[in-house]
*Asks:* 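I have a structure I would like to understand better, so I am pasting it below and will then ask my questions one at a time.
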Amino acid sequence: MTLYGIDVSNHQREFDFAAAKREGFVFATHKVTEGDGYRDPYWPRARDQMREHFPGLFGGYHFARNNVDPDRQADALLAHLGDPSIPVQLDYEDTRNRGSIDNMKALIRAIEERGMRVFANYLPRWYWTGHMGAPRLDGTPPIWNSHYVNGTGYASVLYPGDGHAGWAEFHTGAPPVVLLQFSERGLVAGQAVDVNAFRGTEHELRALFGSAQPEGEPVADIVEQGAGQLHPQPGRLRPINRQQNVNLSTQSPAEPWPYDIWCDIWNESVWDGYDIRPEYADVPDEVGRSLVALVQTVAARQVRIESKLDQLLNRKEGA
C-alpha cells in the first residue's frame with residue numbers, strides 16, 4: 001500500500017487543504033519557521049486546517065540554518081508552533097552553509113529538549129553526501145528523502161514505484177527512509193506542490209506521526225496507569241522517538257511500550273540519586289509532582305523534623 005501526502009508553505013499561500021483531502025491525500029505538513037528569524041505567516045491557518053482535514057496525520061516543519069545557534073532556532077520554532085504536541089519535520093538542507101552530523105544532532109536535541117518531537121528528518125541524499133560528507137546517521141530520526149522524477153501531474157501517476165532508488169537506505173544500519181518526496185510539481189488542489197509517498201498502512205503512518213491507537217486488547221493500559229504515577233508530566237506522554245531502542249520483549253501486540261517513560265524514571269530516581277535537598281520540604285502539598293518527587297519531599301520534611309528534635313534534645317541536655 002502506498003499513501004500520498006503533501007508539504008506546503010507560504011509559497012502556496014492559503015492552500016486548500018480540504019481539496020487535497022478530497023483528492024485522496026492522506027497526510028500533510030506545512031512550514032513553521034526558518035532559522036531563528038522567519039515565521040511562516042500562513043502557519044496558524046494551515047495548522048488549524050490540517051487539524052480539521054488531516055487529524056493525527058499532520059505536522060509542521062522547520063527549515064534549519066546551519067549558521068544559527070540551535071537553541072535559538074528551537075526557541076523560535078516552539079514559540080510559533082503553538083502546540084508542542086504537533087510532530088515536527090526537520091528540513092535539513094541549508095545549501096548556504098555546510099551541514100554536519102554534530103550540528104544536525106544538536107538541533108534535533110534542542111527541539112526535543114523543549115518538549116517537541118522530530119518525527120522525521122527531511123535529509124535529501126544529495127545533501128547528505130555533497131554537503132555533509134556522508135556521515136553515519138545512527139541514532140537520528142527516520143529519514144524523509146527526496147528524489148525527483150520528471151514532469152508534472154497527479155501524484156499517483158508521477159510516483160516512480162516502491163522499488164525506486166529513492167527508497168534505498170543511506171548506509172547499513174542507517175535510520176529507514178520512511179517518506180519519499182518524489183516531485184515538487186505534483187498537481188494538488190489546483191497548485192503545483194511537493195508530493196510525497198509512504199509505503200505502508202494508515203495505522204503504520206499514524207504510528208510515525210505519533211497518533212496510532214493500539215489494536216486488539218488494551219494491553220498498554222497498565223503502562224499508562226503507571227506513567228500517571230511516575231511520569232513528571234502526566235497526560236503528556238511522548239511517543240517513542242527511537243524505535244530501535246525498544247526491546248522486542250516489551251512490546252504489546254500492536255505498539256511498543258512507552259520507552260521514554262522508563263528513561264524519565266531512570267533519570268529521576270537513579271541518575272539523580274534521590275538527592276534530598278532542604279528546599280524540597282517547602283513544596284506545597286497541592287503542587288503536582290511525580291511519585292519520586294513526593295518521596296523526596298517527605299524525606300526532606302523528615303530530615304527537618306529530626307533536626308528540630310535534635311536541637312530540642314541538645315537544649316534539654318545543656319539546661
Side-chain angles (χ1 to χ4, degrees), residues 5 7 27 29 31-35 59-78 81 84-95 97-147 165-181 196-200 204-205 207-210 212 238-247 256 258-260 262-264 267:
D7 62 280
F27 62 97
T29 64
K31 187 172 186 176
V32 183
T33 47
E34 179 175 327
Y61 76 82
H62 171 75
F63 190 96
R65 284 298 178 189
N66 303 336
N67 62 332
V68 179
D69 178 70
D71 286 318
R72 295 209 312 268
Q73 294 192 65
D75 286 339
L77 172 62
L78 179 61
L81 189 63
S85 70
I86 295 174
V88 172
Q89 166 198 351
L90 178 61
D91 190 344
Y92 198 81
E93 53 172 337
D94 180 9
T95 54
N97 306 280
R98 186 172 177 81
S100 72
I101 188 63
D102 290 338
N103 174 263
M104 189 178 76
K105 285 184 173 181
L107 181 52
I108 294 171
R109 184 168 57 250
I111 291 171
E112 296 188 341
E113 283 176 348
R114 285 157 177 78
M116 299 172 282
R117 181 177 69 93
V118 179
F119 81 96
N121 185 17
Y122 183 85
L123 179 66
R125 188 187 303 270
W126 58 264
Y127 189 85
W128 172 68
T129 57
H131 295 263
M132 295 179 67
R136 290 195 63 85
L137 298 169
D138 306 79
T140 61
I143 296 171
W144 189 328
N145 187 26
S146 70
H147 192 136
W167 290 110
E169 65 178 359
F170 279 33
H171 62 74
T172 301
V177 176
V178 293
L179 293 164
L180 176 63
Q181 186 177 104
N196 310 271
F198 174 81
R199 299 183 300 182
E204 291 169 331
L205 182 61
L208 177 65
F209 276 85
R238 293 184 295 146
I240 299 168
N241 296 327
R242 307 288 180 266
Q243 298 282 349
Q244 64 269 27
N245 291 340
V246 183
N247 191 303
Y259 172 79
D260 284 347
W262 309 128
C263 287
D264 289 332
N267 289 337

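FYI, side chains are in, hydrogens and waters are out, and symmetry mates aren't considered; it's all heavy atoms of this structure.
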*Asks:* Locate the shortest heavy-atom distance separating Ile111 from Ala74; write the atom from each residue and the value.
*Replies:* N-CB, 3.9 Å
*Asks:* Where does the angle between the aromatic ring planes of Phe170 and Trp128 fall among parallel (under 30°), tilted (30 to 60°) and perpendicular (over 60°)?
*Replies:* tilted
*Asks:* Below 4.5 Å, heavy atoms only, C-beta onward: do Leu137 and Leu123 meet side chain to side chain?
*Replies:*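 Result yes, sub-4.5 Å side-chain heavy-atom pair found.
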*Asks:* Say whether, by atom type as modelled, one donor and one acceptor occur between the side chain of Asp91 and the main chain of Tyr61 under 3.5 angstrom.
*Replies:* no
*Asks:* Under the rule for salt bridge (Lys or Arg N to Asp or Glu O under 4.0 Å), what residues qualify as partners of Arg109, not counting sequence neighbours?
*Replies:*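 None.
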*Asks:* Check whether His131 reaches the backbone of Thr95 with its side chain - one donor and one acceptor, N or O, closer than 3.5 Å.
*Replies:*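 Such a contact is absent between His131 side chain and Thr95 backbone.
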*Asks:* What's the shortest heavy-atom distance between Phe27 and Leu205, and which atoms?
*Replies:* CD2-CD2, 3.6 Å
*Asks:* Compare every heavy atom of Ala110 with every heavy atom of Pro70, then report the nearest pair and how far apart it is.
*Replies:* O-CB, 3.8 Å
*Asks:* State, yes or no, whether a side-chain contact exists between Trp144 and Tyr92 at a heavy-atom distance under 4.5 Å.
*Replies:*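 SC-SC contact between Trp144 and Tyr92 ruled out.
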*Asks:* According to side-chain hydrogen bond (donor to acceptor under 3.5 Å, both in side chains), who are the partners of Arg125, at least two apart in sequence or on a separate chain?
*Replies:*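 Per chain and number, Arg125 pairs via side-chain hydrogen bond (donor to acceptor under 3.5 Å, both in side chains) with no residue.
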*Asks:* Donor-acceptor pair, distance only, cut-off 3.5 Å: does the side chain of Arg117 make one with the backbone of Phe209?
*Replies:* yes
*Asks:* Shortest non-hydrogen contact from Ala168 to Val177?
*Replies:* O-CG2, 3.6 Å
*Asks:* Could you go step by step and tell me if Asn196 and Thr29 meet the side chain to side chain contact (heavy atoms under 4.5 Å, CB included) rule?
*Replies:* CA-CA 10 Å; Asn196 310 271; Thr29 64; over 6 Å; no
*Asks:* Give me the one residue out of Gln181, His62, Glu93 that meets side chain to side chain donor-acceptor pair (under 3.5 Å) with Tyr122.
*Replies:*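 So the option named by the test is Gln181.
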*Asks:* Begin with the C-alpha distance, continue with both residues' side-chain angles, and end with the deciding distance and a verdict on side chain to side chain contact (heavy atoms under 4.5 Å, CB included) for Trp167 and Asn145.
*Replies:* CA-CA 8 Å; Trp167 290 110; Asn145 187 26; over 6 Å; no
*Asks:* With a 4.5 Å heavy-atom cut-off, do Leu90 and Pro141 have their side chains touching?
*Replies:*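 No. Closest side-chain heavy atoms not under 4.5 Å.
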*Asks:* Do Asp71 and Arg114 sit within salt-bridge range, that is, some charged N less than 4.0 Å from a carboxylate O?
*Replies:* yes
*Asks:* So, Asn67 side chain and Asn97 main chain: donor-acceptor pair closer than 3.5 Å or not?
*Replies:*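 No, Asn67 side chain to Asn97 backbone: no donor-acceptor pair under 3.5 Å.
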*Asks:* Less than 4.5 Å apart, any side-chain heavy atom of Thr140 and any of Ile101?
*Replies:* yes
*Asks:* By side-chain hydrogen bond (donor to acceptor under 3.5 Å, both in side chains), which residues pair with Asn121, not counting sequence neighbours?
*Replies:* none
*Asks:* In Å, rounded to the nearest 0.5 Å, how long is the span from CG of Asp102 to NZ of Lys105?
*Replies:*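 It is 7.5 Å, given to the nearest 0.5 Å.
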*Asks:* Which heavy atom of Gly173 sits nearest a heavy atom of Arg136, and at what distance?
*Replies:* CA-NH2, 4.4 Å
*Asks:* If you measure from CD on Gln89 to CG on Asp7, what distance do you get to the nearest 0.5 Å?
*Replies:* 5.5 Å
*Asks:* Give me the atom names and distance for the closest heavy-atom approach of Arg98 to Gly130.
*Replies:* NH1-O, 3.6 Å
*Asks:* Atom CG of Leu78 and atom OG1 of Thr33: how far apart are they, to the nearest 0.5 Å?
*Replies:* 10.0 Å
*Asks:* Has Gln73 got a side-chain atom pairing as donor or acceptor with Arg65's backbone, closer than 3.5 angstrom?
*Replies:*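 Side chain of Gln73 to backbone of Arg65: a pair is present.
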